[in-house]
Amino acid sequence: MTVAGVLDAIAAVCMVAGAVLSLSAGVALLRFPDLLSRMHAAAKPQVLGLLLILTGCAIRIGTVIDITTMVLIAVFQLATAPVAAHMVGRAAYREGRVRAELLLADELAPDADKFTDKSRDDSR
Amino acid sequence: MRAANPPTRRDRIRTQVMAVIALTVVWNLLWGAFTWANLFSGILVSAAVVIFFPLPPVEFDGRVRPLGLLNFALRFIADLVAASVQVAVLAFRFGHRPTSAIVAVPLRIRSDLNMTLVAEAVSLIPGSLIVEADHETTTLYIHMLGVEDEEHLERLREHVLRLEDRLARALGSDEELRRCGIDPSERKERRS
């Protein structure tokens with residue numbers, strides 16, 4: 001097997017794995033019982049799926065300038081996906097859109113007032 | 001840990017110049033080519049961004065430790081893979097409803113940068129997602145997915161603290177490292 005063949009195989013594995021993870025993120029988004037659980041699906045398999053597909057693309061395309069663009073995409077994805085998930089989760093919690101019967105423990109509940117009061121002060 | 005003295009004017013200008021350089025590089029990468037035109041337009045745009053949208057300076061009084069950073073990066077990738085597989089498995093486990101929990105994890109290092117990095121990393125590792133962050137007590141309120149029982153919950157809590165340890169070994173100052181190297185009895189006390 002040639003080097004190019006091995007690289008092609010690695011790229012193929014990366015892309016298929018990435019696609020499968022993205023699919024599972026979609027399935028999880030539909031199947032999970034409440035919003036907070038769904039945000040897990042949006043934050044994790046999706047990010048890794050994208051990273052794997054980018055890796056596959058980088059191996060296949062192989063030009064430096066395209067790879068740097070892909071690195072940028074990866075960096076921004078890693079930096080923004082958790083923040084987005086956090087903002088949605090926070091808004092949901094403050095709105096009371098949490099299904100308490102699914103929670104084994106809720107250590108935020110005793111401190112929750114602190115945050116809602118603060119948010120009222122912040123709102124202009 | 002906040003820096004003892006506030007950043008001077010020179011510090012501010014230095015961070016602004018660093019920001020302009022970084023943004024110019026990103027600008028050039030986005031255009032897909034390093035040309036003189038891209039370089040100058042990039043400097044112009046980044047200078048405008050830095051001047052018109054000033055951000056509070058990030059205090060960083062630790063130092064970069066290459067080995068610790070490598071260890072952190074490798075463990076992070078391993079965690080990301082484990083997390084993705086976990087969510088994927090849960091997604092395809094029909095007839096099973098995952099239970100979860102929200103736990104408060106007080107961080108030991110009190111810097112904005114540390115809190116941000118831990119929060120980002122925690123969001124991407126198995127079963128955890130930030131719901132709320134308390135800046136004053138540097139406590140992260142984390143939603144944990146797929147928590148089976150109390151014992152499992154404690155394990156996840158420990159996991160977050162280990163992550164903070166690794167981050168301190170990668171980027172922390174000596175003072176921050178000492179804060180993480182506290183003995184178990186003290187940690188239990190802080191937890192309750």
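Lettering of chains follows the sequences in order, A, B, ..., and the numbering in each one begins at 1.
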Distance (rounded to the nearest 0.5 Å) between A:Thr80 OG1 and A:His86 NE2: 14.0 Å
Residue from A:Leu54, A:Leu48, A:Leu52 passing side-chain contact (heavy atoms from CB on, under 4.5 Å) with A:Leu50: A:Leu54
Chain A contact via B:Val26 - side chain, backbone, both or neither, heavy atoms under 4.5 Å: both
Flag if over 12 foreign heavy atoms under 6.0 Å of CG, B:Leu67: no
Choice from A:Ala92, A:Ala79, A:Gly49 maximising heavy atom contacts with chain B below 4.5 Å: A:Ala79
Most contacts with chain B, counted as non-hydrogen pairs under 4.5 angstrom, among A:Val83, A:Leu51, A:Leu36, A:Val47: A:Leu36
Interface residue of largest heavy-atom contact number with chain B, from A:Thr68, A:Val71, A:Leu72, under 4.5 Å: A:Leu72
Criterion salt bridge (Lys or Arg N to Asp or Glu O under 4.0 Å) on B:Glu154 and B:Arg157, from CA distance to verdict: CA-CA 5 Å; B:Glu154 289 307 316; B:Arg157 206 196 296 265; 3.3 Å; yes
Charged N-O contact under 4.0 Å between B:Arg162 and B:Asp79: no
Interface moiety of A:Arg31 toward chain B, non-hydrogen atoms closer than 4.5 Å: side chain
